[in-house]
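Everything quoted here is computed from the prediction, not taken from an experiment. In what follows, chains carry the letters A, B, and so on, assigned in the order in which the sequence lines appear, proteins first and then strands, with residues in each chain numbered from 1. The figures here come from the full heavy-atom set of this structure, side chains too, leaving out hydrogens, waters and symmetry mates.
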2 protein chains.
Amino acid sequence: MLSFTEENYLKTLLKLTMDERGKEEAGTNELALHLGVKPATVNDMLKKLKQKKLIQYEKYGKIALTKTGRKAGLEVLRKHRLWETFLYEKLEFSWDEVHQVAEQLEHIQSQKLVDKLDKFLDYPEFDPHGDEIPNAKGEFKYRHKVTLSQMEAGKSCKMVAVKDNSAPFLQYVIEVGLGINNHMKVLSIHPYDEIIQIEVNGKVSSVSKKFADNIFVICEDCMKNKPCKFHCK
Amino acid sequence: MLSFTEENYLKTLLKLTMDERGKEEAGTNELALHLGVKPATVNDMLKKLKQKKLIQYEKYGKIALTKTGRKAGLEVLRKHRLWETFLYEKLEFSWDEVHQVAEQLEHIQSQKLVDKLDKFLDYPEFDPHGDEIPNAKGEFKYRHKVTLSQMEAGKSCKMVAVKDNSAPFLQYVIEVGLGINNHMKVLSIHPYDEIIQIEVNGKVSSVSKKFADNIFVICEDCMKNKPCKFHCK
DNA sequence: TATATAAGTTAGACTAATCTAACAAATTTT
DNA sequence: AAAATTTGTTAGATTAGTCTAACTTATATA
Ligand SMILES: [Mn+2]
Ligand SMILES: [Mn+2]
Ligand SMILES: [Mn+2]
Ligand SMILES: [Mn+2]
């Protein structure tokens with residue numbers, strides 16, 4: 001049985017080693033930053049997680065999840081995203097409110113509850129922020145998404161997810177008239193300050209580079225399986 | 001902000017001082033028994049709860065909730081019973097499975113969640129065990145219920161709740177063919193060992209005194225507002 | 001009333017999770 | 001290669017919640 005804290009470490013480690021592909025390991029400071037604790041605290045926990053065979057780790061080395069650790073992390077992430085979906089779909093929460101409550105709900109221990117909730121929601125594949133929900137086996141759909149800031153002027157794309165899950169950012173996204181599955185066209189990218197002009201539903205908006213870094217999109221060419229020389233390799 | 005543990009103490013205190021009416025106070029050992037900890041542990045917590053003005057308590061004296069303490073306890077009880085109802089009504093849990101999971105869910109902190117859940121369930125007044133669910137103001141319906149063991153031979157009654165919420169007991173109740181809102185007639189009570197014969201839906205069953213102590217009923221006379229000399233005063 | 005039993009308290013110890021402050025190793029820059 | 005910086009570790013302390021064992025107070029019984 002894992003404690004809430006242990007679960008949070010595993011979930012965070014999983015996110016750090018799966019978001020940016022290629023990166024399979026994390027560091028003490030990085031983990032501390034994301035968990036909102038001090039590196040010293042993380043260091044103590046690393047010893048415990050290693051002892052429980054949930055991570056691979058040597059003194060002064062990098063941290064990687066073991067198979068069991070990854071499985072446990074996936075389970076927490078699955079619960080988090082299912083609960084977010086429940087709150088959003090069934091209880092009329094807005095997308096900027098669900099995360100905070102799901103942070104608590106993800107730690108409820110009951111296999112039956114997870115299964116029943118999944119069924120009740122009709123086996124959703126994505127949460128309100130467009131993040132993939134791992135299924136009962138821990139598998140999830142991979143999508144070749146890029147950030148809005150990686151798009152070229154003149155190209156069209158569809159918003160599929162957000163990177164930043166904080167309430168202020170999510171509210172700002174709504175304000176700009178954007179949302180999951182919205183189509184948009186990149187009109188221009190200003191060379192001086194990288195301000196990006198986009199058109200959504202006929203309305204033109206200007207967004208910053210910082211904003212665009214946190215919006216995930218799929219480009220129209222990719223969707224149509226056309227090779228897209230700009231950002232897909 | 002209260003910890004899980006503090007919430008459990010307040011909820012348990014509330015149940016001890018509201019179930020049996022007339023009894024407004026509880027003792028250290030009694031509380032320890034219900035919480036599954038040692039009296040020494042309770043004693044430490046009493047000091048903390050007193051300091052937070054959630055209970056009234058003097059060394060070697062009895063324990064009573066303050067107004068704030070009672071309100072906090074009611075909120076936890078409300079959440080517990082709403083979650084039980086959700087699991088039972090929406091997720092197809094059986095009535096012997098809901099309690100264990102609700103013990104965890106009752107501690108989720110989100111006023112909005114409680115309100116939305118209440119609405120989603122259409123403001124239920126009773127949980128799957130027949131227990132009253134306090135409303136948003138902390139009020140709940142009072143019903144003059146008695147235990148099945150208090151009934152006289154020849155009288156009819158309706159089952160409205162169970163006292164024992166443990167899975168083995170609840171499964172046994174089903175086995176006997178009983179459930180919330182079932183009507184039954186007490187055929188006989190044997191003077192030697194107090195075995196009670198009841199008739200439910202034409203089927204006759206024999207139950208022990210211990211069993212009957214844990215079944216709450218409303219007698220037919222009381223329901224019809226006829227004075228009932230046997231157990232109502 | 002004296003004694004036995006029940007109820008409640010205290011002291012001292014333990015674990016999990018956290019911190020600060022000091023130290024050590026690894027990496028980057030000059 | 002030396003110095004500076006970043007990254008990671010250790011020691012020692014703190015807090016919440018729990019325990020055992022010994023003690024004290026209150027209540028019931030002979
Ligand atoms: Mn989230
Ligand atoms: Mn969490
Ligand atoms: Mn219950
Ligand atoms: Mn509880």
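- If you measure from atom CG of B:L2 to atom C1' of D:dA16, you get 14 Å, rounded to the nearest angstrom.
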With the criterion being N/O to N/O and under 3.5 Å, what pairs connect the protein with nucleotides 4-6 of chain D, and how long is each?
none

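- Around NZ of A:K116, the count of heavy atoms belonging to other residues, nucleotides or ligands within 6.0 Å exceeds 12.
- Remark: B:K59 is not in phosphate contact with D:dT24, judged by side-chain N or O atoms under 4.0 Å from OP1 or OP2.
- Distance CD (A:E30) to P (C:dT27): 15 Å, rounded to an integer number of Å.
- Remark: B:K90 qualifies as a cation-pi partner of B:F120 under the 6.0 Å distance and 45° angle criteria applied to the six-membered ring.
- Taking CE of B:M159 as the reference point, atom CD1 of B:I215 lies at 4.0 Å (rounded to 0.5 Å).
- Across the protein-nucleic acid pair, A:N8 atom CG and C:dA16 atom P stand 17 Å apart, rounded to whole Å.
- Atom CD of B:E58 sits in a sparse spot, with 12 or fewer heavy atoms from other residues, nucleotides or ligands closer than 6.0 Å.
- A straight line from CG of B:N43 to C1' of C:dG12 spans 15 Å, rounded to a whole angstrom.
- Per the geometry, CG belonging to A:L46 stands 16 Å off P belonging to C:dA16, to the nearest Å.
- In this structure, A:E97 and A:V101 have side chains that are not in contact, with every pair of non-hydrogen atoms separated by 4.5 Å or more.
- Note: CZ (A:F4) to P (C:dT15) measures 22 Å, nearest angstrom.
- For the pair A:E25 CD and D:dG8 P, the computed distance is 11 Å after rounding to whole Å.
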What N/O pairs connect the protein and nucleotides 18-22 of chain D at under 3.5 Å? Give each pair on its own line.
| unit_1 | atom_1 | unit_2 | atom_2 | d |
| --- | --- | --- | --- | --- |
| D:dC19 | OP2 | B:K38 | N | 3.1 |
| D:dC19 | OP2 | B:T41 | OG1 | 2.4 |

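- Counting heavy atoms from C-beta on, the side chains of B:I133 and B:F140 never come closer than 4.5 Å.
- Geometrically, B:K112 engages A:F93 in a cation-pi contact, judged by NZ or CZ lying under 6.0 Å from the ring centre and within 45° of the ring axis.
- The main-chain N or O of B:Y57 is found under 3.5 Å from a side-chain atom of B:K50 such that the two form a donor-acceptor pair.
- Here A:K62 reaches the OP1 or OP2 of D:dG8: one of its side-chain N or O atoms lies under 4.0 Å away.
- Under the salt bridge (Lys or Arg N to Asp or Glu O under 4.0 Å) criterion, A:K71 pairs with no residue, sequence neighbours left out.
- To the nearest angstrom, C1' of C:dA7 lies 9 Å from OH of B:Y60.
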